[in-house]
J.: 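What follows is a structure written as structure tokens; I'll ask about it next.
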Amino acid sequence: MAYMHVSWLFLFHILVLVAKSKAKVPAIIVFGDSSVDAGNNNQIPTIARSNFNPYGRDFPGGRPTGRFSNGRIPPDFISEAFGLKPVIPAYLDPMYNISDFATGVCFASAGTGFDNATSDVLGVIPLWREVELYKDYQKNLKDYVGEWKANEILSEALYLISVGTNDFLENYYALPNRQSQFTIKQYEDFLIILARNFIQELYELGARKMSLTGVPPMGCLPLQRTTNIMDNHGCVERYNNLAVEFNGKLKGLVAMLNKEFPGLKLVFADAFNIFMQIITRPSTYGFEVVGVGCCGTGTFEMSYLCDPRSPFTCTDANKYVFWDAFHPSEKTNQIISHHLFKMFLAKFL
């Protein structure tokens, strides 16, 4: 199995070379939550931040950027796979400007969801505001490269959308309001309507190539396992079953929208199965620890609880599937990204 994994990575690097020789995607544009946030939350008053050590310790230069990882996150790897830059900058990061954003930009905000009420929980950027920032980017891009070139970039760019987990874990199951309004199945359907509206708005703004990533095996996140005392800290199966059910509804939405909107190329880049394979067979991918994260005790720490002075933080995050109690390590992000590129995104080459 190890040989197969090496061969797979070799194939990926060949695909990267092919992408560089005939790239059809001029930019990667990112919307979503902490799974893809490159640091936008650094610029807003929220506790949902990660712009401090030990976050980013394996990032180029060893600096914390606001990515919820020890290193790079999926949009970075996917951008590189398309022959573009290896790091996608956050739109609100003052270190960058429109010349940097022309080939890739991130509007994502950790803690957000399809549901506006989800973004209110930690006071982060709601999805509608991410779209407003994108409109501002469109204007700046047209001023920078001219309207014709900007429209070409915007229509040929690949739009990565990764959101949904917080709607369930930080909103529906954590707070009473949505539970009093919806059964869980009704809430799923409510989110599907919001997802449809969001994708339609991007389409009306000129987006044509989109990738929608569903929710991961939510029940296997270390934070959920920590609280699953009655089941010996195993995965919470009802959350995993919910993820499968919701992802199925997202797949149905993708199929419907591809038929409804002329010229739309929308793919459902399903990360659930590859993530589950890593969790259930970690040694196949070179991991040693799956039940807890690298940071701190790995059982509950994330964001500011991921203390740079903690004596418990692991020395080698590559041995861990998870970096903190909620987010994958850079190595996991890389494996998942390679899989998504090979199985779903390479068709945009």
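All values derive from a computational prediction rather than experimental measurement.
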J.: Using the rule that two of Ile, Leu, Val, Met, Phe, Trp, Tyr join whenever any of their side-chain heavy atoms come within less than 4.5 Å, decide whether F114 and M256 are in one cluster.
T.: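 Both belong to a single hydrophobic cluster.
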J.: Thinking salt bridges, do E245 and K185 make one under a 4.0 Å N-O criterion?
T.: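 Yes, E245 and K185 are salt-bridged.
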J.: Between F275 and F322, is the gap from one ring center to the other below 6.0 Å?
T.: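 Close enough - the centres of the two rings lie under 6.0 Å apart.
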J.: Is a side-chain N or O of S310 found less than 3.5 angstrom from the main chain of D307, in a donor-acceptor match?
T.: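 Judged by distance alone, no pair lies under 3.5 Å.
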J.: Taking NZ, NE, NH1 and NH2 as the nitrogens, is one of them in E132 or K135 under 4.0 Å from a carboxylate oxygen of the other?
T.: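 K135 and E132: salt-bridged.
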J.: For E204 and Q200, does a side-chain donor sit closer than 3.5 Å to a side-chain acceptor?
T.: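 There is such a pair between these side chains.
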J.: Looking at the rings of F82 and F341, which for Trp means the six-membered one, are their centres under 6.0 Å apart?
T.: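 Yes.
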J.: Walk me through whether K209 and E156 qualify under salt bridge (charged side-chain N to carboxylate O under 4.0 Å, His left out).
T.: CA-CA 7 Å; K209 300 176 179 178; E156 293 296 326; 2.8 Å; yes
J.: Taking the six-membered ring for Trp and the full ring for Phe, Tyr or His, determine whether the centres of Y137 and F107 are under 6.0 Å apart.
T.: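 Between Y137 and F107, the centre distance is under 6.0 Å.
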J.: Do Y134 and V30 touch side chain to side chain, with heavy atoms closer than 4.5 Å?
T.: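 With C-beta onward as the side chain, the pair stays apart.
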J.: Okay, side chain of N228, backbone of G234: is any donor-acceptor separation there less than 3.5 Å?
T.: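 Here the side-chain-to-backbone pair exists.
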J.: Sub-3.5 Å donor-acceptor pair from the side chain of N40 to the main-chain atoms of A108, do we have one?
T.: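 Present.
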J.: What's the spacing between N258 CG and F268 CZ if we round to 0.5 Å?
T.: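 So the gap between those two atoms works out to 13.0 Å.
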J.: So which heavy atom on T313 is nearest to which on G296, and how close?
T.: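 Taking every non-hydrogen atom into account, OG1-N, 2.8 Å.
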J.: State, without any angle test, whether H327 and S34 hold a side-chain donor-acceptor pair at a distance under 3.5 Å.
T.: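 The answer is yes; a qualifying pair exists.
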J.: Using disulfide (SG to SG under 2.5 Å), reason through C314 and C294 one step at a time and then give a plain yes or no.
T.: CA-CA 5 Å; C314 77; C294 167; 2.0 Å; yes
J.: For V36 and C106, work out which heavy atoms get closest and say how close.
T.: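 Residues V36 and C106, closest heavy atoms: O-SG, 3.2 Å.
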J.: Is D115 paired with R178 through a side-chain N to carboxylate O contact shorter than 4.0 Å?
T.: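 Between D115 and R178 there is a salt bridge, with a charged N closer than 4.0 Å to a carboxylate O.
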J.: Assigning hydrophobic clusters by single linkage (Ile, Leu, Val, Met, Phe, Trp, Tyr; side-chain heavy-atom cutoff under 4.5 Å), is F300 placed with L221?
T.: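 Per the 4.5 Å side-chain linkage, F300 and L221 are co-clustered.
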J.: Evaluate the side-chain proximity of D189 to I193: yes if any heavy-atom separation is below 4.5 Å, no if none is.
T.: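 The answer is no; the side chains never approach within 4.5 Å.
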J.: May I ask you to test the E130-V163 pair for a side-chain heavy-atom distance under 4.5 Å?
T.: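 No, side chains not in contact.
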J.: Looking at every non-hydrogen atom in both residues, tell me the closest pair between Y285 and I274 and how far apart they are.
T.: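 Reported closest heavy-atom pair: OH-CD1, 3.7 Å.
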J.: Run L345 and S211 through side chain to side chain contact (heavy atoms under 4.5 Å, CB included) and show every step you take.
T.: CA-CA 8 Å; L345 304 180; S211 166; 3.6 Å; yes
J.: Between K85 and E80, does any NZ, NE, NH1 or NH2 come within less than 4.0 Å of an OD or OE carboxylate oxygen?
T.: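 No.
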J.: When you check the gap from the basic side-chain N to the acidic O, do R225 and D231 get nearer than 4.0 Å?
T.: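 No salt bridge links R225 with D231.
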J.: Starting from the C-alpha separation in whole Å, work towards a yes-or-no answer on side chain to side chain contact (heavy atoms under 4.5 Å, CB included) for I278 and T332.
T.: CA-CA 8 Å; I278 294 170; T332 302; 4.2 Å; yes
J.: Centres of the F31 and F198 rings: under 6.0 Å?
T.: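 Yes.
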J.: Do the two ring centres, one from Y239 and one from Y173, sit under 6.0 Å apart?
T.: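 Yes, the ring centres sit under 6.0 Å apart.
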J.: Does I47, at its CD1 atom, have more than 12 non-hydrogen atoms belonging to other residues, nucleotides or ligands within less than 6.0 Å?
T.: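 Atom CD1 in I47 is not crowded, with 12 or fewer foreign heavy atoms closer than 6.0 Å.
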J.: Of the non-hydrogen atoms in P126 and N116, which two are nearest, and what is the gap between them?
T.: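 For P126 and N116, the tightest heavy-atom pair comes out as CB-OD1, 3.9 Å.
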J.: Do C235 and C220 have their SG atoms under 2.5 angstrom apart?
T.: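 Yes, disulfide present: SG-SG under 2.5 Å.
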J.: I want to check something: taking the side chain as every heavy atom from C-beta on, are V131 and L205 in contact at a cut-off of under 4.5 Å?
T.: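 Yes, close enough: below the 4.5 Å cut-off.
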J.: Looking only at heavy atoms, which two atoms of G123 and I44 are closest? And how far apart?
T.: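 Closest approach of G123 to I44: O-CD1, 4.0 Å.
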J.: Is there a donor-acceptor pair under 3.5 Å between the side chain of N240 and the backbone N or O of G219?
T.: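 Pair found, side chain donor or acceptor close to backbone of G219.
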J.: Using side chain to side chain contact (heavy atoms under 4.5 Å, CB included), reason through Y144 and S99 one step at a time and then give a plain yes or no.
T.: CA-CA 8 Å; Y144 178 63; S99 65; 3.3 Å; yes
J.: Donor-acceptor check, side chain of S79 to backbone of D76, threshold 3.5 angstrom: yes or no?
T.: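 No: the side chain of S79 does not pair with the backbone of D76.
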J.: Please check if the number of heavy atoms outside K249 that lie under 6.0 Å from its NZ is greater than 12.
T.: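 Enclosed.
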J.: Answer whether the closest heavy-atom distance between the side chains of Y203 and M210 falls below 4.5 Å.
T.: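 A side-chain contact exists here, since the closest heavy-atom pair is under 4.5 Å.
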J.: If you round to the nearest 0.5 Å, how far is CG of D93 from CG of D100?
T.: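 If I round to the nearest 0.5 Å, the distance is 9.5 Å.
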J.: Would you say S337's side chain and N333's backbone share a donor-acceptor pair under 3.5 angstrom?
T.: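 Flag set: sc S337 to bb N333 pair under 3.5 Å.
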J.: Take N70 and S329, measure what side-chain hydrogen bond (donor to acceptor under 3.5 Å, both in side chains) needs, and give me the verdict at the end.
T.: CA-CA 6 Å; N70 57 302; S329 66; 5.0 Å; no
J.: Are K331 and F287 in a cation-pi setup, meaning NZ or CZ lies under 6.0 angstrom from the ring centre and within 45 degrees of the ring axis?
T.: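 Ring-cation test returns yes.
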J.: What pair of heavy atoms forms the shortest contact from Y187 to T118, and how long is it?
T.: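 Minimum heavy-atom separation between Y187 and T118: OH-OG1, 3.9 Å.
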J.: Decide whether I73 and I78 are clustered together by the hydrophobic rule: side chain heavy atoms of Ile, Leu, Val, Met, Phe, Trp, Tyr closer than 4.5 Å, transitively.
T.: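 No: no chain of side-chain contacts under 4.5 Å links I73 to I78.
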J.: Verify ring pair (Phe, Tyr, Trp, His ring centres under 6.0 Å) between Y304 and F52, making sure each step is shown before the conclusion.
T.: CA-CA 8 Å; Y304 283 107; F52 46 83; 4.8 Å; yes
J.: Using the six-membered ring of F77, assess whether NZ or CZ of R72 lies under 6.0 Å from its centre and within 45 degrees of the ring axis.
T.: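 Satisfied, under 6.0 Å and within 45°.
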J.: Any link between W323 and Y320 through a network of hydrophobic side chains (Ile, Leu, Val, Met, Phe, Trp, Tyr) touching at under 4.5 Å?
T.: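 Different hydrophobic clusters.
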J.: So, the side chain of N166 versus the backbone of T112: is there a donor-acceptor pair under 3.5 Å, distance only?
T.: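 Yes, N166 side chain to T112 backbone: donor-acceptor pair under 3.5 Å.
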J.: Spell out, as yes or no, whether a donor-acceptor pair under 3.5 Å connects the side chain of T183 to the backbone of Q186.
T.: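 The answer is yes, because a donor-acceptor pair under 3.5 Å joins these two groups.
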J.: Donor-acceptor check, side chain of D33 to backbone of G113, threshold 3.5 angstrom: yes or no?
T.: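 No, D33 side chain to G113 backbone: no donor-acceptor pair under 3.5 Å.
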J.: Under the criterion side chain to side chain contact (heavy atoms under 4.5 Å, CB included), I'd like the reasoning laid out for T213 against I161: C-alpha separation, chi angles, the key distance, then a yes or no.
T.: CA-CA 6 Å; T213 300; I161 305 164; over 6 Å; no
J.: Measure the shortest side-chain to side-chain distance between E260 and L257 over non-hydrogen atoms and say whether it is less than 4.5 angstrom.
T.: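 Yes - at least one pair of side-chain heavy atoms lies under 4.5 Å apart.
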J.: Can you find a pair of side-chain heavy atoms, one from I199 and one from L212, that are under 4.5 Å apart?
T.: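 They are in side-chain contact.
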J.: Where the side chain of R196 meets the backbone of V254, is there a donor-acceptor pair that is under 3.5 Å apart?
T.: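 Looks like no, no N/O pair under 3.5 Å.
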J.: Taking the six-membered ring of F59, is the NZ or CZ of R67 close enough (under 6.0 Å from the centre) and on axis enough (within 45°)?
T.: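 No, a cation-pi geometry is absent between R67 and F59.
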J.: Tell me, with the steps shown, if F326 and F68 meet ring pair (Phe, Tyr, Trp, His ring centres under 6.0 Å).
T.: CA-CA 9 Å; F326 207 83; F68 281 78; 9.0 Å; no
J.: Using the rule that two of Ile, Leu, Val, Met, Phe, Trp, Tyr join whenever any of their side-chain heavy atoms come within less than 4.5 Å, decide whether V321 and M218 are in one cluster.
T.: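 They do share one cluster, since a chain of ILVMFWY contacts under 4.5 Å joins V321 to M218.
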J.: So do C306 and P54 actually touch side chain to side chain, heavy atoms under 4.5 Å?
T.: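 Contact flag for P54/C306 side chains = yes.
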J.: Do Y96 and Y91 have their ring centres less than 6.0 Å from each other?
T.: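 Y96 vs Y91: aromatic centres not under 6.0 Å.
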